Each structure stands twice: as structure tokens, then as C-alpha cells.
Number of protein chains: 2
Amino acid sequence: MSLPNVILGFLNVEPMTGYDLKKNMDHSTQLFWHAKLSQIYPTLKQLETKGLVKAKVVPQKGKPNKKIYSITKAGRRDLITWLNEPLDESNPIKSAVFLRLFFLGVLDKEDILSQLRCQLEAQRARLKRTRQAEIIIQEAGQTPGLAQQALMWDLLHQLGKLQMQTSVQWFEKAILVVEKRL
Amino acid sequence: MSLPNVILGFLNVEPMTGYDLKKNMDHSTQLFWHAKLSQIYPTLKQLETKGLVKAKVVPQKGKPNKKIYSITKAGRRDLITWLNEPLDESNPIKSAVFLRLFFLGVLDKEDILSQLRCQLEAQRARLKRTRQAEIIIQEAGQTPGLAQQALMWDLLHQLGKLQMQTSVQWFEKAILVVEKRL
DNA sequence: CAAGGCATGTAAATCGTTACATGATTTA
DNA sequence: TAAATCATGTAACGATTTACATGCCTTG
């Protein structure tokens with residue numbers, strides 16, 4: 001239900017193609033939102049039909065023509081309405097990792113430990129990858145119209161980092177506890 | 001794709017109905033997994049067809065007959081295979097709250113602040129509700145066959161609490177930053 | 001006496017993934 | 001020369017939500 005809103009949010013920053021939208025999601029929202037190209041393209045068409053975005057076709061040789069989408073006034077209104085809506089406080093999420101951990105106690109000590117060690121490494125790797133996001137945010141902070149958004153991005157990024165650090169420390173502790181107590 | 005596994009995980013603890021499964025999810029996994037009854041019932045049927053669970057019908061007056069499902073040997077094998085599978089390290093998640101925060105910088109200062117305050121309260125409320133889970137976990141720790149699972153549940157619960165505390169503190173800070181810097 | 005809990009399900013619609021289809025350009 | 005990047009899309013399938021359908025019992 002939110003993919004149209006995500007797209008409007010990105011197009012409000014600057015016009016871009018479906019392909020660009022995908023890359024932006026991969027680089028900046030992948031920790032809390034993502035979509036495949038096969039979902040993005042049809043959604044863009046729907047948004048165009050509703051008059052919330054409009055496309056400009058740029059011919060290319062050897063590739064399909066680029067379709068650069070930009071947000072319309074109606075689209076901007078829609079985006080702002082969505083941002084002001086109250087969020088129901090339940091915040092439902094699905095995490096394959098947490099789910100796995102929840103039932104992990106079914107396994108033998110050694111199998112539990114190997115899963116925990118594996119997830120610890122994955123978590124450390126995620127934490128390292130945050131550098132790239134930092135650079136993008138700092139650049140945005142320089143761009144005149146984006147200073148306010150960059151401030152929010154910076155704050156959110158700090159939260160993400162804290163959460164990841166908490167997770168890493170927790171995995172380290174969990175491994176010790178399982179080693180001793182089982 | 002994981003709902004069958006969640007169901008097997010719960011039925012491995014003790015036999016129960018679809019309705020009970022829903023309640024268990026609402027009380028213990030709601031922070032990282034959930035499902036509606038309209039999805040649980042058909043999934044139970046599929047699992048029965050595959051021989052991973054079996055049902056015992058208990059007649060009732062004035063209500064539909066209870067169907068108490070239990071896990072089979074094949075089901076237990078399936079569960080353990082799943083638990084040992086490697087998780088792809090990308091851990092894709094969707095969070096409506098984070099998404100909202102990501103684009104919140106589009107709004108005016110006062111609208112940003114009212115959303116942040118609202119989310120801070122929601123987060124505090126979530127943190128308070130963790131008491132109930134603590135009690136359930138401690139009870140499980142006493143049950144002989146469940147000690148090892150209860151240990152994992154306790155660890156996970158600690159992580160959940162830490163993450164929520166981190167969020168609360170972050171919201172408090174974010175509100176101050178927005179008040180001063182915008 | 002109204003609201004919520006107990007207890008089952010089906011049907012339709014929407015959301016999301018996987019697989020298919022194309023093909024030039026750049027990088028390793 | 002193989003793989004990745006650029007760039008668009010469609011079709012089939014699977015996952016999930018929403019709406020519909022029933023009806024007693026318990027609690028406030």
C-alpha cells in the first residue's frame with residue numbers, strides 16, 4: 001500500500017526513471033523499504049493515470065527509451081496528506097532473522113551457536129556498509145532545497161547505526177550465554 | 001513463505017487450534033511476525049495435506065468444533081531443516097514508521113514535531129507492554145521440555161527491550177534537534 | 001443489553017516475487 | 001569473453017488483506 005507513497009517521496013526530491021527509483025531504494029531505504037522493478041514499473045503507470053506523476057520520454061540508442069518521471073502538483077498534495085496521516089501504533093513488521101531466533105532453541109547447542117555466529121557476521125557487515133549512506137546524506141545537506149530532508153535523513157541514519165550496534169553487542173552476549181548455559 | 005514454519009514452531013511447543021496460534025502470535029511474535037486467521041486456517045489445511053501436522057476434532061456446543069492440531073514426525077523434521085538453513089544476509093524488512101520518518105523532512109516544522117511526538121508516545125506504550133511477555137517466558141522456563149527455548153526467548157526479549165529503549169531515546173533527541181535547528 | 005471473546009471458515013481483491021523477454025555498452 | 005550495468009516491461013504465481021458469513025457465551 002505504501003509503494004506509491006515511496007515513489008512520490010523520491011520523485012519529490014528530483015525527477016527520475018523507474019530504474020533510478022530502484023537504485024535509490026537499494027541505497028537509502030533498503031533497511032526499511034524495498035521493491036522490485038517488476039512492481040515499480042506498473043505502479044508508475046498507475047500513478048501517471050491518476051495524474052500524480054508525469055513522464056517525459058528520452059530516446060536512447062540500443063536501450064529502451066528512458067522515461068523520466070516527475071511529480072505533479074496533485075502528487076505533492078497526495079504526498080503531504082500521506083505524511084500527515086496518523087500511523088496506527090501497532091507498527092507491524094516481519095523479520096526473518098528474528099523469527100529464526102525465536103524458534104532457534106529447538107536445535108542443539110552447536111547448531112544454535114553456528115546460526116548465531118553467522119548472524120553476528122551478517123550484522124557486522126551491515127554496520128560497515130552504512131558509510132556509503134553517510135556520504136550521500138552529507139551531499140544532500142549541501143543542496144539548498146534539501147537541507148531539511150537531509151537533517152531527517154541524518155537523524156534516521158544515526159538511529160539505524162545505534163540499532164545495528166545494539167544488535168552486534170547482543171549477538172556477542174547471546175553467544176557467550178549459550179556457550180556457558182547450555 | 002514463512003507462515004508454515006511459524007505454525008510448525010508453535011505446534012512443536014504444544015498442540016493447539018488455529019485460533020490459539022493467532023493468539024500466540026499476537027502475544028509473542030507480534031513484533032517480528034504476524035498473520036490473520038484467514039491466512040492461518042488455509043495454511044493449516046495445507047500442512048495437514050502434506051502430513052506435517054494432524055488435527056483432532058473436539059466437538060463443542062454452540063461454537064464450531066475445535067480442531068486441535070499437533071505436529072507430526074515429518075513436521076518436526078521439516079522445522080529442524082528450516083531452522084538450520086542459512087539466512088540470506090540482506091534481511092529485508094518493511095517498516096511503515098521508518099518510511100514515514102524518512103520523508104518527514106518534507107513537512108513544516110510543526111507537522112514534523114507532531115508526528116515525532118506521536119511516535120514517541122507509541123514507542124513508549126510498546127515498551128510498557130513488554131511486561132506481559134516477561135511473565136510468559138518465566139513460566140516457560142519452569143516447564144521441563146521448554147527450558148532451552150525459554151532461554152532463547154529471554155535473550156530475544158532483552159534485545160527487543162534494548163531496541164525499544166534506543167528508539168525512545170532517539171525520538172526524544174530528534175524532537176530536541178528539530179525544535180532547535182529548524 | 002452491548003461488546004468482546006470464542007471458533008470456524010470462504011471469496012475477492014491487492015500486494016509482491018519469480019520467471020520471462022530483449023539487447024547494447026561497459027568493465028574485469 | 002563473461003558478467004554487470006543500463007533500461008524497459010509482461011505474465012504467472014504466491015502471499016496477504018479485507019470483507020463476508022455464522023452464532024453462542026461471558027463480562028461489564
Side-chain angles (χ1 to χ4, degrees), chain A residues 1-8 10-11 15-27 29-30 32-50 53 55-69 82 88 90-96 99, chain B residues 1-8 10 15-27 29-30 32-50 53 55-69 82 88 90-96 99 132:
Chain A
M1 196 48 313
S2 282
L3 182 58
N5 300 309
V6 181
I7 291 177
L8 291 177
F10 278 115
L11 293 182
M16 63 183 97
T17 66
Y19 194 86
D20 294 333
L21 281 165
K22 166 69 171 154
K23 280 198 299 179
N24 270 293
M25 287 183 208
D26 289 347
H27 295 141
T29 64
Q30 90 281 26
F32 47 88
W33 205 271
H34 59 92
K36 312 262 169 179
L37 282 168
S38 59
Q39 198 183 2
I40 292 170
Y41 288 124
T43 305
L44 278 167
K45 274 196 180 165
Q46 283 168 223
L47 288 171
E48 199 182 6
T49 308
K50 288 183 190 161
V53 305
K56 191 172 73 176
V57 178
V58 178
Q60 295 197 124
K61 22 158 194 177
K63 299 177 200 172
N65 294 336
K66 253 189 194 175
K67 289 174 84 171
I68 301 174
Y69 287 91
W82 171 67
D88 66 305
S90 70
N91 191 30
I93 281 175
K94 295 194 179 182
S95 162
L99 185 63
Chain B
M1 191 52 309
S2 283
L3 182 58
N5 300 309
V6 181
I7 291 177
L8 290 176
F10 277 116
M16 63 183 95
T17 67
Y19 193 86
D20 294 333
L21 281 165
K22 166 73 171 152
K23 279 197 301 179
N24 270 293
M25 287 183 208
D26 288 348
H27 294 141
T29 63
Q30 89 281 27
F32 47 88
W33 205 271
H34 59 92
K36 312 261 170 180
L37 282 169
S38 59
Q39 197 184 3
I40 292 171
Y41 288 125
T43 305
L44 277 167
K45 274 195 181 166
Q46 284 168 224
L47 288 171
E48 198 181 9
T49 308
K50 288 184 190 161
V53 305
K56 192 172 72 175
V57 178
V58 178
Q60 295 197 122
K61 23 158 193 179
K63 299 178 201 172
N65 293 336
K66 252 189 194 176
K67 289 174 85 170
I68 300 173
Y69 287 92
W82 171 67
D88 67 305
S90 70
N91 190 32
I93 281 176
K94 295 193 180 182
S95 162
L99 186 62
Q132 292 149 11

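Being a predicted model, the structure only gives us computed values, none of them experimental. Each chain gets a letter, A, B and so on, in the order its sequence line appears, and its residues count up from 1.
Side-chain N/O atoms of A/Gln60 include one lying less than 4.0 angstrom from OP1 or OP2 on D/dA7. Using a 4.0 Å cut-off, some side-chain N or O of A/Lys36 falls inside it from OP1 or OP2 of C/dT18. For D/dT10, the OP1/OP2 oxygens have a side-chain nitrogen or oxygen of A/Lys45 closer than 4.0 Å. The shortest distance between the side-chain N/O atoms of B/Lys23 and the OP1/OP2 oxygens of C/dA7 is not below 4.0 Å. Remark: A/Tyr41 is in phosphate contact with D/dT8, judged by side-chain N or O atoms under 4.0 Å from OP1 or OP2.
Formation of a donor-acceptor pair under 3.5 Å by the B/Asn65 side chain with backbone atoms of B/Gln60 is found in this model. A donor-acceptor distance shorter than 3.5 angstrom exists from the side chain of B/Lys22 to the backbone of B/Ala35, with no hydrogens or angles considered. Looking at A/Thr17, its side chain does come within 3.5 Å of a backbone N or O of A/Asp20 through a donor-acceptor pair.
For the residue pair B/Ala96 and A/Asn91, the shortest heavy atom distance occurs at N-OD1, 4.2 Å.
Protein atom CD1 of B/Ile68 is 13 Å distant from nucleotide atom C1' of C/dC6, rounded to whole Å. In this structure, B/Asp20 atom CG and C/dG5 atom P are separated by 15 Å, rounded to whole Å. At whole-Å resolution of the value, CG in A/Leu3 and P in C/dT17 are 10 Å apart. A/Lys63 has its NZ atom 4 Å from the P atom of D/dA7, to the nearest Å. Atoms CG (A/Leu44) and P (D/dG9) sit 8 Å apart, rounded to a whole Å. Rounded to whole Å, the distance from NZ on A/Lys66 to C1' on C/dG23 is 17 Å. One atom, CD1 of A/Ile40, and another, C1' of D/dC6, lie 15 Å apart when rounded to the nearest Å. Separating the CG atom of A/Asn5 from the P atom of C/dT14 is a distance of 16 Å, rounded to the nearest angstrom.
Nucleic acid contact class of A/Lys61 (heavy atoms, under 4.0 Å, all strands): none. Note on B/Lys22: nothing from the nucleic acid sits closer than 4.0 angstrom, heavy atoms only.
In the set D/dT17, C/dG9, D/dT8, C/dG9 carries the atom at the smallest distance from any side-chain atom of B/Tyr69. Of the candidate nucleotides C/dC15, D/dT8, C/dC6, C/dC6 has the atom nearest to the side chain of B/Tyr19.
Residue-to-nucleotide proximity on DNA chain C shows that, of A/Gln39 and B/Asn65, the 5′-proximal contact is made by B/Asn65.
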Next item on the list: Test A/Asn24 against A/Gln30 for side-chain contact (heavy atoms from CB on, under 4.5 Å), laying out the working first.
Entry: CA-CA 9 Å; A/Asn24 270 293; A/Gln30 90 281 26; over 6 Å; no
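One donor-acceptor pair, N or O on each side, does fall under 3.5 Å between the base of D/dT18 and the side chain of B/Ser38.
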